K.L.:
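Before we start, here is the structure in question, set down as structure tokens.
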Amino acid sequence: MKRTKIKAVLNMAASPGEVFVQGWVRTKRDAKDFSFIELNDGSCLANIQVIAANDLAEYRQVEKLTTGSAAGVTGTLVASPGKGQKWEIQATAVDVISIAPENYPLQKKRHTDEFLRSIAHLRPRTNKYGAAFRIRSRMAQAIHAFYLDKGFYYLHSPLITGSDCEGAGEMFRVTDLDPADVQKQGRMDFSRDFFGQEANLTVSGQLSAEMFALSLGDVYTFSPTFRAENSNTRRHAAEFWMLEPEMAFCDLDGNMDHAEELVKYLVGHAMDHCREDLDLFMRFVDKDLGQRLETLVSKPFARLSYTDAVEILKKCGKTFEYPVEYGIDLQSEHERFLAEEHFKTPVFVTDYPRQIKPFYMRMNDDGQTVAAMDLLVPGIGELIGGSQREERLSVLEARMDEIGLDKDPYWWYLDSRRFGTVPHAGFGMGFERFLMMITGISNIRDVIAFPRTPGSIDF
RNA sequence: UCCCCAGUAGCUCAGUUGGCAGAGCGAGUGGCUGUUAACCACUAAGUCCGCGGUUCAAGUCCGUGCUGGGGAGCCA
């Protein structure tokens, strides 16, 4: 008989008679003449309740089933007389696939996130992490659906890049030089390295995406990125996924419109398609989550300039650890105040002083600020960072000179401004930060299957 | 990298003034029961994070290291 996923079984409107399911035992309760087995196959949050009577030929084996064991069940799908479930299976045959011994680490009780992190290979078998990673999968697919519908092309930007580009934080070096030789010579001879020069893991696909936006029109990259920063916080990982759309013939306003539409689409998609899993987070992880997501899809995001943001922060009467003044970058406490206390919605802050933003952002007419935008979200901080790009060759070169950037390695990037340059814009969204926002999970390590952070690369 | 907190049974934790190592849950065994994180009884289970020091005596005090968590910086 063909296996049916438990999700499909539970969603059946009428009993088809006999069904065959396979999964892992979450818990077993023995009665006098039979056992209740809660079986879960990961297809959905809910378990199917199996009734295994003691006249089954293999009941001896059934009695040995422990939490974590694997089994296949054939039986009749019947309406459950008990409370808490619509359907249950009256087993006619139970195939015990494997027995989990008594030292199975997942118990029938709540575990802390810290403990589950130490058994990251088993935690997807829990309700919370099963739900988190089903939502993660669904959201990744929703990103592609969103862009397919909008006529964007999906660009696979390289993960190994030349050393000098991108300029967004510390990079991981990629080399196949023998450490013993390096020690002997006292230096790394990159001319003899694999690529004949320094190479690193990418920190952003943006520059590649710009080249393709100026060719295919609208593109996005969605891929792993790497940062060798020694950041020990609940919002940082060494390996994370980033979504980076890049749009030709687009300005800063179009960029923000797009970002807002994207976030609202993804949240709405989750509410439509991940209801059961999302409910778990609303009930047990973050009581305010439901209200927050509702606000997220229904209310327009606030938009204001950096200059206005500084004014608000100065006048708000709150004393900050880092005093606010024009020219400084906004600190976490400032971002949190704006998003969580002042606007109580996500807020775009635009037009930052050029000194605190990278070279590729487009210079505004005032000659002081650039067409940047950050999206600050309650509870998360910066979810999106983007800008209109500087499309004017002379202005771009002047900026690179101003900050002392060697233009030679960027010859190909500058070429795009020589040949048919047009206004264009884009942004990056940290995928894990988005998942934290949508689930209420407060530590980035808990939305990544096997997280990589400073000093930690188990699994 | 800096600041703060923590590390005791499989898990979550308590441990008084420095004086015999404890509970709940989980697990095992038995019982009961159309049960829902089932219930009742019994049993087993410890490198008190490592190293060094003070002391007649250290889970407890001091130093140091490691690991984990929270915050900051950096950023997505």
Side-chain angles (χ1 to χ4, degrees), chain A residues 26-38 46-53 64 66-68 78 80-85 88 90 100-119 126-127 166-170 202-206 222-244 259 284 320-322 328-336 356-358 374-377 380-386 427-437 442-448 453-456 458:
Chain A
R26 282 295 177 78
T27 175
K28 178 168 70 79
R29 295 178 292 272
D30 295 327
K32 192 174 175 189
D33 302 320
F34 57 89
S35 297
F36 295 100
I37 302 167
E38 296 281 342
N47 309 319
I48 185 90
Q49 177 165 279
V50 173
I51 315 298
K64 291 183 191 156
T66 53
T67 301
V78 298
S80 176
K83 282 180 186 156
Q85 62 276 323
E88 64 186 26
Q90 291 279 353
E102 67 198 56
N103 60 357
Y104 181 60
L106 289 174
Q107 305 173 356
K108 296 189 291 187
K109 56 172 278 196
R110 250 188 74 86
H111 288 293
T112 59
D113 292 324
E114 289 77 18
F115 171 68
L116 291 170
R117 235 168 263 155
S118 73
I119 50 167
T126 65
N127 286 339
E166 298 165 355
E170 290 297 307
T202 186
V203 293
S204 162
Q206 181 197 316
F222 181 40
S223 69
T225 47
F226 307 88
R227 303 281 165 91
E229 299 284 354
N230 187 17
S231 312
N232 292 282
T233 85
R234 60 186 183 82
R235 302 189 313 281
H236 292 85
E239 177 182 323
F240 64 99
W241 281 61
M242 191 151 63
L243 166 69
E244 295 179 284
F284 299 119
F320 295 106
E321 190 183 340
Y322 293 82
I328 63 144
D329 207 353
L330 298 182
Q331 305 294 312
S332 291
E333 54 179 345
H334 306 142
E335 297 182 349
R336 270 211 308 278
I356 56 175
K357 288 294 180 185
D374 285 355
L375 179 64
L376 312 178
V377 177
I380 301 295
E382 186 180 338
L383 174 68
I384 282 173
F427 60 82
M429 179 179 87
F431 186 50
E432 284 80 8
R433 292 213 178 150
F434 173 80
L435 294 171
M436 292 167 73
M437 181 185 79
S442 57
N443 194 312
I444 197 168
R445 296 167 180 80
D446 297 334
V447 296
I448 299 174
T453 52
S456 172
D458 287 340

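Just so it is clear: chains get the letters A, B, ... in the order the sequence lines come, proteins before strands, and each one is counted from 1. Bear in mind the structure is a predicted one, so any value in this text is a computation, not a measurement.
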K.L.:
Quick one: salt bridge (charged side-chain N to carboxylate O under 4.0 Å, His left out) partners of A:Asp329, sequence neighbours excluded?
P.N.:
none
K.L.:
Looking at residues at least two apart in the chain, or sitting in another chain, which of them share a salt bridge (charged side-chain N to carboxylate O under 4.0 Å, His left out) with A:Glu432?
P.N.:
A:Arg136
K.L.:
If you look only at distance, which donor and acceptor atoms sit under 3.5 Å apart when one is on a side chain in residues 105-112 of chain A and the other is two or more places apart or in another chain?
P.N.:
from: A:Lys108; atom 1: NZ; to: A:Thr27; atom 2: OG1; distance (Å): 3.3
from: A:His111; atom 1: NE2; to: A:Gln107; atom 2: N; distance (Å): 3.0
from: A:Thr112; atom 1: OG1; to: A:Phe115; atom 2: N; distance (Å): 3.1

K.L.:
For nucleotides 38-44 of chain B, print each protein N/O atom paired with a nucleotide N/O atom at under 3.5 Å, atom names and distance only.
P.N.:
from: B:A38; atom 1: OP1; to: A:Lys108; atom 2: NZ; distance (Å): 3.3
from: B:A38; atom 1: OP2; to: A:Arg29; atom 2: NH1; distance (Å): 3.2

K.L.:
Go through the structure and list residues passing ring-ring contact (aromatic ring centres under 6.0 Å, His included) with A:Phe34, not counting sequence neighbours.
P.N.:
A:Phe36
K.L.:
Measure OH/A:Tyr104 against C1'/B:G26 and give the value in whole Å, please.
P.N.:
13 Å
K.L.:
Where the side chain of A:Arg227 is concerned, which of B:A76, B:G68, B:U33 is the nearest nucleotide?
P.N.:
B:A76
K.L.:
Identify the pairs formed between an N or O of the protein and an N or O of nucleotides 9-14 of chain B at a distance under 3.5 Å, and give each distance.
P.N.:
from: B:G10; atom 1: N2; to: A:Gln107; atom 2: OE1; distance (Å): 2.9
from: B:G10; atom 1: N2; to: A:Gln107; atom 2: NE2; distance (Å): 3.2
from: B:G10; atom 1: N3; to: A:Gln107; atom 2: NE2; distance (Å): 3.0
from: B:C11; atom 1: O2; to: A:Lys109; atom 2: NZ; distance (Å): 2.5
from: B:U12; atom 1: OP1; to: A:Thr112; atom 2: OG1; distance (Å): 3.0

K.L.:
A:Lys32: which residues meet the side chain to side chain donor-acceptor pair (under 3.5 Å) condition with it, sequence neighbours left out?
P.N.:
none
K.L.:
May I have the distance from A:Lys83 (atom NZ) to B:U36 (atom P), rounded to whole angstrom?
P.N.:
11 Å
K.L.:
With A:Phe284, which residues qualify under side-chain contact (heavy atoms from CB on, under 4.5 Å), at least two apart?
P.N.:
A:Leu280
K.L.:
Do any N or O atoms from the side chain of A:Glu333 and from the backbone of A:Tyr322 form a donor-acceptor pair under 3.5 angstrom?
P.N.:
yes
K.L.:
Who pairs with A:Ser332 by side-chain contact (heavy atoms from CB on, under 4.5 Å), at least two apart in sequence or on another chain?
P.N.:
A:Arg235, A:Arg336
K.L.:
What's the closest nucleotide to the A:Thr66 side chain, out of B:G28, B:G69, B:G34?
P.N.:
B:G28
K.L.:
Report yes or no: is the ring centroid of A:Phe240 under 5.5 Å from the six-membered base ring centroid of B:A76, with the two planes under 30 degrees?
P.N.:
yes
K.L.:
Give me, pair by pair, the N or O atoms of the protein and of nucleotides 72-74 of chain B that are less than 3.5 Å apart, along with how far apart they are.
P.N.:
from: B:A72; atom 1: OP1; to: A:Arg336; atom 2: NH1; distance (Å): 3.1
from: B:A72; atom 1: O2'; to: A:Tyr322; atom 2: OH; distance (Å): 3.2
from: B:G73; atom 1: OP1; to: A:Gln331; atom 2: OE1; distance (Å): 2.6
from: B:G73; atom 1: OP2; to: A:Ser332; atom 2: OG; distance (Å): 2.9
from: B:G73; atom 1: N2; to: A:Asn230; atom 2: O; distance (Å): 3.3
from: B:C74; atom 1: O2; to: A:Ser231; atom 2: OG; distance (Å): 2.9
from: B:C74; atom 1: N3; to: A:His236; atom 2: NE2; distance (Å): 3.0
from: B:C74; atom 1: N4; to: A:Arg235; atom 2: NH2; distance (Å): 3.2

K.L.:
Mind checking A:Ile444 for me? I need base, sugar-phosphate or nothing, with any heavy atom below 4.0 Å counting as a touch.
P.N.:
base
K.L.:
Quick one: ring-ring contact (aromatic ring centres under 6.0 Å, His included) partners of A:Phe427, sequence neighbours excluded?
P.N.:
A:His258
K.L.:
Go through the structure and list residues passing side-chain contact (heavy atoms from CB on, under 4.5 Å) with A:Asp458, not counting sequence neighbours.
P.N.:
none
